[in-house]
Each structure stands twice: as C-alpha cells, then as structure tokens.
Amino acid sequence: MLSTTIAAAGNADAGPVIARVETFSKEFLSFVRVVAEDGSEGWGQVAPYHADITAQILHRQIAPWVVGRDANDIAGLVGMIPEREHKFPGSYLRRALAGLETALWDRRGKAEEKSVCELLGGRPGPLRAYASSMRRDIQPEDEAARLIRLRDRFGFDAFKFRVGAECGHDVDEWPGRTEAIVPTVRRLLGAQVDLLVDGNSGFSPKRAINVGHMLEDEGVIHFEEPCLYWELEQTREVTEALSLDVAGGEQDCDLSTWQRIIDLRVVNIVQPDVCYVGGMLRALQVAALAAESGIPCTPHSANLSMVTLFTMHLLRVVDHPGKYLEFSIEGSDYYPWQEKLFVESPYAVDEGKVVVPDRPGWGVDIHPDWFVGSIQQVTTQAGVP
C-alpha cells in the first residue's frame, strides 16, 4: 500500500506552486495554512505542546524549502526536507514537517473534492474507538466509574487507563496504585470489555514483566510502553516474556529506528503518532513496514486536536490496522487548549464508533474564535506579499 500511495502522491498532476505558509500559534497548539498561487488553501497542524516553538522551526527550516514549489508534490517535499535539514534529525523538525504535510493534504483534497483518506487510497467510514484516559491523579474506583459512564452514554466497549508513573523507574504514582486499579477496573466494567493499559515508560523489564503477568491474569490485552521507550532491548525483553500484546512507538520519529523496532520485533503493535513522526506519509511508511512483518498499527492520538482526525483518516488507509482508534476522553477541564477548535466537531461517538467524514480534505473548519490571541507568522516567496 505504501509504495502505491507514495507513487500516487508523487505522480499527481502538477499543481499550483505554494505561495504562502502561515502559522497561527499558541503555546500548546499551532495551526498551519498553506496557500497556493491560485488561491487554493489547506489547513494542518504541528504536533501539540510547545507548538509555538515548533512554528518557529517550520518558518526557519521547512517553509523556505517549499514556497515556490508544486503544492501537489507532497511526497517529494516530505522526502526532500529531512535531507536538506539533515543536521537536525530530531523531533522538532518532524513535528513541524507534519504541520506542512497535513495542510498540503487538506489543500489537495479540497481542490480535488476528495477526503484525504480517498486521496491516499482509502474510503471514509466508521472506526471502532477505545476510550483513552490520560489521568493518573485518580483513584481506581473513580476511574472505573467514569469509564462506566462513557460506556453507558457512548457505547464504548474498549478502554485504556494508566499504570505506573511516567518514566517512573518502578516508582508508582502512589504506592500500590497499579496493583489496585487493574483488578478494580476489570471487576467494575466486567469481562465483556477490552482493557488496555499504558505504562508511559514507567518500569524496568523485571517489574514490567511482573506487572504484565498480573495484566494477563485480569484479561488485559494491550500493555503500552512498559519500559523507557528509547531502550528498545528493554521493551523487547518484556514482549518476549508475555503473551499479551506489548505496544509502543508513539515517541519515535526516526524511520531507521522504526525499522529496528520492527526488525527486532520490539513490540507486537506499532503506535506511530502522525504529528510526531512527520505526517501521514511517514506514518503510512511505518504502518507498511509493520504490515510486512504481520504487526498491526494502532496509532497514538492522545488528544482531540487535529491529530485524532488525521489518525482516523490514516486507519481507513493502512493495510493492517489495529482493532481501534485511540480516542481521548479528556475534555477542556484537563486540556483547556482544546476549547473551541472546530466549527463543528468531527468527534461524535455513537455505539463506540466515530466516522471519517466524506467532506473534502480533513472535513473540518477551524473555529474563528480560536485565532483570538494567536501569533501569526508568514513565509512567502521573495517579492510576494
């Protein structure tokens, strides 16, 4: 699928050249607008968190390479920019690249009156979602209670919650929390739902394996990022010791690292993040490499900015998708910066499913109120206002 997708993107009819790259930034979020010389435009988003810094990188190290170039040559631009900026192989460049790439897909989709997933060879339609908790500051009974409310209101039949502590080195969020929350959630939600847990790099291999056996006893089917994610051998040790699926990769943005993760079978499920890895095509490349090895792709999408929408389109394209879409259950009380992002939310949940819209591009409009207080930056061709 990936080679076909890139070929289709690269062999598209020549389009108008890119005239302007604009960002509208706040600390946590930055939207990107690409405007072509014919007036067509598209919207994307850099990765959340320190997004205002990422926007500066976009204008300094990415936009100058693309203004004046063919707006339809998305694959060519995505391949060229990391080479032009080869001295900067890290996360911020990929986070910024995702903003440009996703805006280019939206522009092309609107120009061709197709959704992004159709441009990439898929079709709009429904996706099963799992309700994903981001909290550790919550008692086990309270976590189970809010998951039950979501099950009863929206029909979710799969849930993910947190164990350990983020990069915790075997120190739990508070003593005994992991051993308490797992059986509590299972008992209160019942045997009929799928349970997933996220360790956020919290454990040593020995501790992760012990926790993993407890998870297996409770019927948990997905153990995410059990060890320090950059220590691939630690995670592989856990994967080899357990019968449940070990998942990971959300932080990884280097494709050679992804190749190692897959070749070494570090995990049973790959979790690229569209915004962290550098956009749709790079996420599709990870998914395709994994599919060749029989490894499913359940991408990371941990908030309700555009990243979940990107992921929805992605899952309607990949050859070997995982069982679900990650769908954050945290609202503006937890993520205040999620307030008023879209004119009409694309995230309606019914019977535990969301639907990829068939509108052109991403199928959403940024809410005008969001731009109040944002910082606008613009890169144009020389001599173009």
Side-chain angles (χ1 to χ4, degrees), residues 5-25 29-46 55 58-59 62-81 96-124 274-275 278-282 284 305-307 309-310 312-314 316-317 341-344 346 356-368 370-371 374 376-385:
T5 296
I6 289 183
N11 294 333
D13 292 338
V17 301
I18 298 168
R20 297 164 60 87
V21 177
E22 303 174 315
T23 55
F24 301 84
S25 305
L29 203 61
S30 179
F31 290 118
V32 181
R33 178 165 63 186
V34 170
V35 182
E37 65 176 356
D38 65 353
S40 60
E41 64 178 44
W43 287 91
Q45 176 197 297
V46 307
L58 190 152
H59 287 284
I62 289 179
W65 295 114
V66 304
V67 291
R69 292 181 178 264
D70 184 351
N72 277 355
D73 186 20
I74 302 173
L77 297 175
V78 168
M80 174 266 290
I81 290 167
L97 179 60
L100 172 78
E101 195 241 32
T102 53
L104 288 171
W105 282 118
D106 189 52
R107 189 215 68 85
R108 185 170 157 193
K110 290 172 178 173
E112 298 184 22
E113 297 186 344
K114 294 180 180 179
S115 68
V116 173
C117 73
E118 289 177 289
L119 292 175
L120 291 169
R123 297 179 61 185
V274 172
C275 285
M280 295 290 285
L281 289 179
R282 288 170 62 88
L284 281 169
S305 66
M306 290 184 83
V307 65
L309 184 59
F310 302 155
M312 289 162 60
H313 284 255
L314 184 79
R316 296 291 300 181
V317 177
L341 297 185
F342 309 112
V343 173
E344 183 177 348
V356 176
D358 59 4
R359 294 176 58 195
W362 299 120
V364 295
D365 299 302
I366 311 301
H367 200 293
W370 185 88
F371 295 100
S374 67
Q376 183 181 10
Q377 295 171 271
V378 182
T379 300
T380 66
Q381 291 176 260
V384 176

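Note that the structure is predicted; figures quoted are calculated from it, not measured.
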Between atom [atom1] of [X] and atom [atom2] of [Y], what is the distance when rounded to the nearest 0.5 Å?
X	Y	atom1	atom2	value
Asn72	Trp105	CG	CH2	9.0 Å
Met306	His313	CE	NE2	8.5 Å
Leu119	Leu104	CG	CG	12.0 Å
Lys114	Arg123	NZ	CZ	13.0 Å
Leu284	Leu314	CG	CG	5.0 Å
Gln45	Ser30	CD	OG	8.5 Å

Considering residues at least two apart in sequence or located in another chain, which fulfil the side chain to side chain contact (heavy atoms under 4.5 Å, CB included) criterion with [X]?
X	result
Val35	Arg20, Glu22, Arg33, Glu41
Asp358	Pro124
Pro16	Ala36, Glu37, Asp38, Ser40, Arg107

*Sub-3.5 Å donor-acceptor pair from the side chain of Asp106 to the main-chain atoms of Trp362, do we have one?*
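Yes: the side chain of Asp106 pairs with the backbone of Trp362.
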
_Heavy-atom donor-acceptor pair, Glu101 side chain to Val78 backbone, under 3.5 Å_ = no

*Test side-chain contact (heavy atoms from CB on, under 4.5 Å) on Thr379 and Ile62 and set out the steps.*
CA-CA 10 Å; Thr379 300; Ile62 289 179; over 6 Å; no

*Does any non-hydrogen side-chain atom of Leu120 lie less than 4.5 Å from one of Leu281?*
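Sidechains of Leu120 and Leu281: in contact.
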
_Within the 4.5 Å heavy-atom criterion, are Val66 and Ile81 side-chain neighbours or not?_
yes

*Side-chain donor-acceptor pair under 3.5 Å between Thr23 and His59, yes or no?*
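Side chains of Thr23 and His59: pair found under 3.5 Å.
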
*Please report the shortest heavy-atom distance between Ser305 and Phe342, naming the atom on each side.*
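Between these two residues, the closest heavy atoms are C-CZ, 4.0 Å.
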
*At their closest point, which heavy atom of Gly15 faces which heavy atom of Asp70, and how far apart are they?*
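Nearest pair, atom of Gly15 first, then Asp70: N-OD1, 2.9 Å.
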
*So Phe31 and Trp43, side-chain contact (heavy atoms from CB on, under 4.5 Å) or not? Walk me through it.*
CA-CA 7 Å; Phe31 290 118; Trp43 287 91; 4.0 Å; yes

